[in-house]
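In each ligand, atom 1 is the first atom listed, and ligand 1 is the first ligand listed. One-based numbering along the sequence shown.
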Amino acid sequence: MSRSAHPAGPRHADVLPEGHYTAPATDLNELDAKVWSRTVTRDADGALTVGGIEVARLAEEFGTPAYFLDESDFRARCRAWADAFGADADVFYAGKAFLSRAVVRWLKEEGLNLDVCSGGELATALDAGMPAERIAFHGNNKTVAEIERAIEAGVGRIVLDSFQEIARVSHIAQRLGTRQRVQIRVTVGVEAHTHEFIATAHEDQKFGIALADGQAAEAVRRALTMDGLELIGIHSHIGSQIFDMAGFEVSARRVVQLLAEVRDEHGVELPEIDLGGGLGIAYTSEDDPREPHEIAKALGDIVTRECESAGLRTPRISVEPGRAIVGPTAFTLYEVGTIKPLDGLRTYVSVDGGMSDNIRTALYDAEYSVALVSRSSDAAPMLVRVVGKHCESGDIVVKDAFLPSDLAPGDLIAVPATGAYCRSMASNYNHALRPPVVAVRDGRARVIVRRETEEDLLRLDVG
Ligand SMILES: *Cc1c(COP(=O)(O)O)cnc(C)c1O
């Protein structure tokens, strides 16, 4: 199906502001493979296909806005992480990035473990058949009920986040007549974001127990004496969307230092360290993420080196990628509605979703790219801001991008790399109906999370 018969839209290629926004050197019809999932291609009409299905067909069948998740890409990324880290390490997918029953089954089949951080995520994981011993339970304020349920289910580990929680989990485990395997989450004084990391003063946050001032050493001391706990290791998670391995290097060094102190004080070599997640992905062509095997090698080398110099046996490493697995595997498909050129500024392109399906731009100033995907176009590029339909001027999906200047209402545009933290952070603001997630694979598309309906909204409204 071709959508090339639209009347010409506004032509504003001539109003690009000076300086910062230079028109793209590349043809807008060309897709940058870095930001799209692996089975995405363009067919002869210029229409985008994923898993062998044209987006116009997907839009017709499933409506817009909708997230389309490339299942074979998701599975391939799981395998790449599992293979890269090998049998001596564990890969935990961070469920908060995006979790559904289908995702749990894929993880299970591809040999990954799963991080959860709420009763709801735990329930989803268990319901879809993830073996409890492959689940790690996180969070800075787990409720007593959540802890009981996790222990009763037999989760492989609980990551302890505070002194109170060390006592709480121990008491609950004892009451339930068991010993729970636990790690202690420490803050190493490093916070990493995107291209940089800052190695001072980041203990001022709600997660973990600070290594500084001997706090973490005290936490280990207490955990080792609690009857309800089996302390298996130390956990550190330093940030998100990280490209620079230097932050992990500092983190690993400090965690290994703690292991050495623990050995010296208690004669115990804790067998595991968890270096968390946060590995970056390409949201735009500017980003250059590393491959899992490079990350595995870098982390493995750091830990081995630090342990050798501390005279420790190398512990088993775990990592917790969320975004790096699911982020690149999905795009959000929108239909273009109102197009509003602001002379001398930019053209506002409104779509049928917005901050309710992607809050990251408003929340973190995140950058995304966008492409016209229902047809090709040879029109000149125009500078656009893609905005949603919510009652908020901060309702921005893509802050600055170029789209062809013949863009018209009814065109389909897609924002790639929306697999992580978009559906999982989606809201009902303005009583928006949260979009479906459709898994596409080998010419077949199926809904894995259905679109919300007005009935769903009204069902909760029991006044
Ligand atoms: C959020 C989180 C992750 C995953 O982060 P990504 O940026 O999605 O890789 C891993 N571990 C912990 C403890 C987290 O809080």
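- Protein heavy atom in closest approach to atom 11 (N) of ligand 1: Glu320 OE1, 2.7 Å.
- Judged by the 6.0 Å distance and 45° axis criteria, Arg157 is not positioned over the aromatic ring of Phe137.
- Look at Phe92 and you'll find every heavy atom at least 4.0 Å from all atoms of ligand 1.
- Of the possible polar contacts, none joining the Glu320 side chain to the Asp115 backbone as a donor-acceptor pair under 3.5 Å is found.
- Among the atoms of Ala324, none of the N or O lies under 3.5 angstrom from an N or O of ligand 1.
- Close contacts of ligand 1 with Gly277, meaning ligand atoms under 4.0 Å from a residue heavy atom, involve 9 (O), 10 (C), 11 (N).
- Short contacts between ligand 1 and His138, defined as distances under 4.0 Å to a heavy atom of the residue, involve ligand atoms 13 (C).
- Using a non-hydrogen distance threshold of 4.0 Å, Gly278 registers as a contact of ligand 1.
- The distance between the ring centers of His235 and His138 falls below 6.0 angstrom.
- Within ligand 1, counting atoms from 1 as listed, the ones closer than 4.0 Å to a heavy atom of Tyr421 are 1 (C), 4 (C), 5 (O), 6 (P), 8 (O).
- For the pair Arg221 and Glu218, the salt-bridge criterion is met [side-chain N within less than 4.0 Å of a carboxylate O].
- A side-chain contact (heavy atoms from CB on, under 4.5 Å) with Arg290 is found for exactly one of Ile295, Asp244, Leu279, Ile242, namely Ile295.
- Atom 15 (O) of ligand 1 has as its closest protein heavy atom Lys96 NZ, 2.5 Å.
- Residues Arg323 and Tyr283 have side chains that bring a donor and an acceptor to within less than 3.5 angstrom of each other.
- Set against the non-hydrogen atoms of Arg185, the atoms of ligand 1 under 4.0 Å away are 13 (C).
- Contacts between His237 and ligand 1 below 4.0 angstrom, taking non-hydrogen atoms only, involve the side chain exclusively.
- For Asp357 and Tyr334, the side-chain atoms include at least one donor-acceptor pair closer than 3.5 Å.
- Shown in contact with His235 at under 4.0 Å from a heavy atom are these atoms of ligand 1, numbered in order with element: 13 (C).
- Residue contacts with ligand 1 for Phe207 are absent, since no atom lies close enough (heavy atoms, distance under 4.0 Å).
- Counting only residues at least two apart or on different chains, the side chain to side chain donor-acceptor pair (under 3.5 Å) pairs with a member in residues 85-95 are Asp90-Arg316.
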